[in-house]
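Whatever order the structure lists them in is the order used to number ligands and atoms, beginning at 1.
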Amino acid sequence: MQLELCRIIELPKIADPRGNLTFVEGERQVPFAVRRVYYLYDVPGGASRGGHAHRELEQFIVAMSGSFDVVLDDGYGQRTISLNRSYYGLYLPTMVWRELTNFSSGSVCLVLASTLYEAADYIRDYDQFVREARAA
Ligand code: TYD
């Protein structure tokens with residue numbers, strides 16, 4: 001179901017001896033208009049982030065630096081994707097429970113989001129998520 005829509009997108013990489021450059025454009029490399037950007041950094045060893053799903057929000061997650069794992073669950077199955085390159089990103093559609101784990105030291109997680117922050121869009125209870133996912 002939704003897990004099949006989760007996919008790695010390879011971003012353009014302009015290699016240059018002065019340093020590489022990668023860019024992301026809304027509705028081009030990512031399939032939505034970008035309305036918000038946030039990032040996770042200074043994540044302590046052993047910490048995990050996420051642990052929720054979104055009803056309307058789509059996201060695109062990039063390991064800008066270092067690496068981490070994204071554990072995905074659509075209420076029917078699970079899949080884990082490791083991100084460790086600045087020119088790959090993970091597209092997440094609506095209604096995917098996600099947990100970010102195994103952050104390497106100094107890693108930075110960039111998230112592009114399709115909507116502004118909206119607390120009501122979160123599903124923070126896993127059983128509630130499974131009920132909604134299976135009712136869809
Ligand atoms: P949350 O989305 O739960 O973080 P994570 O998914 O990494 O575990 O957000 C943590 C806190 O930050 C929560 O109080 C809401 C706030 N927040 C905003 O105010 N705006 C935002 O764009 C985001 C992503 C979070």
Side-chain angles (χ1 to χ4, degrees):
M1 304 277 294
Q2 292 304 85
L3 273 194
E4 292 158 23
L5 301 177
C6 299
R7 65 181 194 277
I8 294 285
I9 295 174
E10 183 169 0
L11 299 169
K13 178 180 174 186
I14 315 294
D16 191 303
R18 299 169 300 163
N20 299 329
L21 182 152
T22 285
F23 57 90
V24 191
E25 294 164 301
E27 298 179 284
R28 283 196 164 162
Q29 288 82 21
V30 295
F32 55 82
V34 177
R35 294 210 64 205
R36 176 165 54 110
V37 176
Y38 65 92
Y39 33 96
L40 303 170
Y41 53 98
D42 292 346
V43 178
S48 59
R49 304 285 319 214
H52 52 72
H54 293 277
R55 297 183 176 95
E56 300 292 337
L57 179 70
E58 297 168 78
Q59 292 183 316
F60 184 71
I61 302 178
V62 181
M64 297 294 287
S65 183
S67 62
F68 50 85
D69 295 336
V70 188
V71 184
L72 304 172
D73 183 325
D74 66 357
Y76 294 94
Q78 282 202 353
R79 187 174 156 197
T80 299
I81 292 179
S82 297
L83 292 175
N84 54 16
R85 293 279 181 273
S86 332
Y87 53 91
Y88 282 119
L90 172 63
Y91 167 70
L92 296 185
T94 61
M95 290 302 282
V96 175
W97 188 271
R98 85 289 308 274
E99 196 158 319
L100 281 66
T101 62
N102 284 331
F103 286 89
S104 69
S105 154
S107 57
V108 179
C109 169
L110 175 76
V111 183
L112 308 185
S114 66
T115 70
L116 300 181
Y117 175 72
E118 180 57 74
D121 185 60
Y122 281 71
I123 307 173
R124 293 192 179 273
D125 179 82
Y126 181 72
D127 293 338
Q128 170 70 19
F129 163 70
V130 173
R131 275 197 297 277
E132 289 192 32
R134 294 192 176 184

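Asp121 pairs by the side-chain contact (heavy atoms from CB on, under 4.5 Å) definition with His54, Arg55, Glu56, Leu57, Glu118, not counting sequence neighbours.
Within the structure, side chain to side chain donor-acceptor pair (under 3.5 Å) pairs that include any residue of residues 106-116 do not occur (at least two apart or interchain).
Side-chain atoms of Tyr126 and Asp73 include a donor-acceptor pair closer than 3.5 Å.
If you chain together ILVMFWY residues whose side-chain heavy atoms come under 4.5 Å of each other, Leu116 ends up in a group of its own.
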query = So Phe103 and Arg49, side-chain contact (heavy atoms from CB on, under 4.5 Å) or not? Walk me through it.
reply = CA-CA 10 Å; Phe103 286 89; Arg49 304 285 319 214; 4.1 Å; yes
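The shortest side-chain heavy-atom distance between Ile14 and Phe23 falls under the 4.5 Å cut-off.
For ligand 1, the protein residues placed under 4.0 Å by at least one non-hydrogen atom are Arg36, Tyr38, Leu40, Arg49, Gly50, His52, Tyr117, Tyr122, Arg124.
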